[in-house]
Amino acid sequence: MRTGRRTLAVTALAGALALSALNAPAAQAADTGITVSDIVINGGKPIVVGTSQEVKPSLSFNVTLPSGYSTDDPFRYDAYPFIYRGGLRTATDTGENYIGPGVYTCYEQSSKKASCEGNLYIDPHPSQEHVDSNSDATTWKVAVSLRLFKADGGLKAEEYETRSMIVRLKRAAKATVNASPEPVTKGKKITVTGKLTRANWSTKKYGAYGGRTVSLQFREKGTDTFKTVKKATTSSTGALKTTVTASADGSFRWVYYGNTTTGPATSAADYIDVR
């Protein structure tokens, strides 16, 4: 739980924070003296994005202010992390290959320090251009936007600082399952089928994901644990098919563990009655 008086709450459409500088009075790029530290995005885990649902990865960071500025006056400064791909200046000037915060709140720790938490905002809708190409499923770089304002609201200084950390974006995947026949005689064969698909960020649809190794898991009735019983490779259409011998009542599911560009997927469980 965060402690300290809330000093600033920000809600913004993705991209609006970075691009708002375009509408502010011009200022020389200069050292603001603001320090942003302890950046954590999505708990350090990859960010998985589908074709339509907004994604809001967690974001936390600390801000330390320079001499002459105080957390008591949060409208005199602006500091937040964002992720980008390609050139930093292109991302901040145009919003292309830029993903910024959606909502974050800063809590005063002292007159010079604030602790902030919130989220990034990723909308796969074509109008946002956040993830509009499958090539966006890669590592993104991290940077921070820093600005100081004069007492009259004019922009005094601004800068963008890069960070050595990276964030990986992945395409979401889905898996389905069907086990038959139902019911089945003990000792007879069960055919387990399914399909693996993944998000296509260009078409905004899920498409077949072929050539992937997927684990077939089984959980016997009365137990809590799924165990891998077999592995299969998806066809060019993403189809899965294998056979197992019926031994006990229980549930089957397919599990794909993902890779560097695609997130994991687990199907629903399909129960088989063995008689």
Student: Hey, does the side chain of Thr262 reach the backbone of Gly258 with a donor-acceptor pair shorter than 3.5 angstrom?
Tutor: no
Student: Please, which pairs that meet salt bridge (Lys or Arg N to Asp or Glu O under 4.0 Å) have at least one residue in residues 160-169, sequence neighbours excluded?
Tutor: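 As it turns out, the salt bridge (Lys or Arg N to Asp or Glu O under 4.0 Å) pairs with a partner in residues 160-169, which skip direct neighbours, are Glu161-Arg163.
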Student: Is the Lys NZ or Arg CZ of Arg198 less than 6.0 Å from the centre of Tyr209's six-membered ring, within 45° of the axis?
Tutor: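 Judged by the rule (NZ or CZ under 6.0 Å from the ring centre, within 45° of its axis), Arg198 counts as positioned above Tyr209.
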Student: Under a 4.0 Å threshold between the charged nitrogen and the carboxylate oxygen, would Arg85 count as salt-bridged to Asp136?
Tutor: yes
Student: With no hydrogens and no angle check, is any side-chain donor or acceptor of Asn42 less than 3.5 Å from a backbone partner on Gly44?
Tutor: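 No.
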Student: Do Ser180 side-chain atoms and Glu182 backbone N/O form a donor-acceptor pair below 3.5 Å?
Tutor: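 Not confirmed, Ser180 side chain does not pair with Glu182 backbone.
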Student: Quick one: do Ile83 and Tyr98 satisfy side-chain contact (heavy atoms from CB on, under 4.5 Å)? Show the steps, please.
Tutor: CA-CA 6 Å; Ile83 64 175; Tyr98 166 95; over 6 Å; no
Student: Picking from Thr162, Thr35, Ile34, Ile39, what satisfies side-chain contact (heavy atoms from CB on, under 4.5 Å) with Val144?
Tutor: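 So the option named by the test is Ile39.
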Student: Hey, does the side chain of Thr234 reach the backbone of Gly211 with a donor-acceptor pair shorter than 3.5 angstrom?
Tutor: yes
Student: Answer yes or no: does atom NZ of Lys113 have more than 12 heavy-atom neighbours from other residues, nucleotides or ligands under 6.0 Å?
Tutor: no
Student: Out of curiosity, does Val40 fall in the hydrophobic cluster containing Val63 (side-chain heavy atoms, cut-off under 4.5 Å, transitive links)?
Tutor: no
Student: Quick check: closest heavy atoms across Leu59 and Pro101, and the distance to 0.1 Å?
Tutor: CD2-CB, 4.1 Å
Student: With a 3.5 Å distance limit and no angle check, can you tell me whether Arg171 reaches the backbone of Ala199 through a side-chain donor-acceptor pair?
Tutor: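 At least one qualifying donor-acceptor pair exists.
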Student: Looking only at heavy atoms, what is the nearest atom pair of Arg253 and Ala269, with distance?
Tutor: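 Heavy atoms only, the tightest pair is CB-CA, 4.3 Å.
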Student: Measure centre to centre between the rings of Phe61 and Tyr104, then say whether the value is under 6.0 Å.
Tutor: yes
Student: Are any side-chain N or O atoms of Lys170 and backbone N or O atoms of Asn259, one a donor and one an acceptor, separated by less than 3.5 Å?
Tutor: yes
Student: So which heavy atom on Ala143 is nearest to which on Tyr84, and how close?
Tutor: CB-CE2, 3.6 Å
Student: Using the six-membered ring of Tyr206, assess whether NZ or CZ of Lys174 lies under 6.0 Å from its centre and within 45 degrees of the ring axis.
Tutor: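 Because its charged atom sits under 6.0 Å from the ring centre and within 45° of the axis, Lys174 does stack over Tyr206.
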Student: For Tyr160 and Leu88, work out which heavy atoms get closest and say how close.
Tutor: CB-CD2, 3.9 Å
Student: Linking I/L/V/M/F/W/Y whenever their side-chain heavy atoms sit closer than 4.5 Å, directly or via other members, would Val177 and Leu240 fall into one cluster?
Tutor: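 In one cluster: yes.
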Student: When clusters are formed by joining ILVMFWY residues with side-chain heavy atoms under 4.5 Å apart, either directly or through shared neighbours, do Tyr257 and Trp254 land in the same one?
Tutor: no
Student: Is Asp78 reaching over with its side chain to a backbone N or O of Arg147, donor-acceptor style, under 3.5 angstrom?
Tutor: no
Student: Could you tell me whether the side chains of Ser60 and Glu117 share a donor-acceptor contact shorter than 3.5 Å?
Tutor: no
Student: Assigning hydrophobic clusters by single linkage (Ile, Leu, Val, Met, Phe, Trp, Tyr; side-chain heavy-atom cutoff under 4.5 Å), is Val55 placed with Trp140?
Tutor: yes
Student: Looking at Thr237 and Lys195, what are the two nearest heavy atoms and their distance?
Tutor: O-CE, 3.0 Å
Student: Are a donor atom and an acceptor atom from the side chains of Thr242 and Lys230 found within less than 3.5 Å of each other?
Tutor: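 A donor-acceptor contact under 3.5 Å links the two side chains.
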Student: Would Val131 and Leu169 count as a side-chain contact (heavy atoms from CB on, under 4.5 Å) if you check the C-alpha gap in whole Å, the side-chain angles of each, and the deciding distance to 0.1 Å?
Tutor: CA-CA 9 Å; Val131 286; Leu169 263 61; 3.8 Å; yes
Student: Linking I/L/V/M/F/W/Y whenever any side-chain heavy atoms sit under 4.5 Å apart, do Phe218 and Val255 land together?
Tutor: no
Student: What pair of heavy atoms forms the shortest contact from Gly50 to Ala172, and how long is it?
Tutor: CA-CB, 3.7 Å
Student: Verify side-chain contact (heavy atoms from CB on, under 4.5 Å) between Ile47 and Ile41, making sure each step is shown before the conclusion.
Tutor: CA-CA 9 Å; Ile47 300 169; Ile41 297 173; 4.2 Å; yes
Student: Tell me if the NZ atom of Lys56 is crowded by more than 12 foreign heavy atoms within 6.0 Å.
Tutor: no
Student: So, does Lys204 use its side chain to make a donor-acceptor pair with the main chain of Pro126 at under 3.5 Å?
Tutor: no
Student: Tell me if a side-chain donor or acceptor on Thr223 pairs with a main-chain N or O of Arg219 at a distance below 3.5 Å.
Tutor: no
Student: Step through it carefully: locate the ring centre of Tyr69, locate the ring centre of Tyr77, and say whether they are under 6.0 Å apart.
Tutor: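 Tyr69 vs Tyr77: aromatic centres not under 6.0 Å.
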Student: When the ring planes of His130 and Tyr121 are compared, do they come out parallel, tilted or perpendicular, using 30° and 60° as the limits?
Tutor: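 Aromatic pair His130/Tyr121 classed perpendicular.
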Student: Does Trp201 use its side chain to pair, donor to acceptor, with the backbone of Val49 at less than 3.5 Å?
Tutor: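 At least one qualifying donor-acceptor pair exists.
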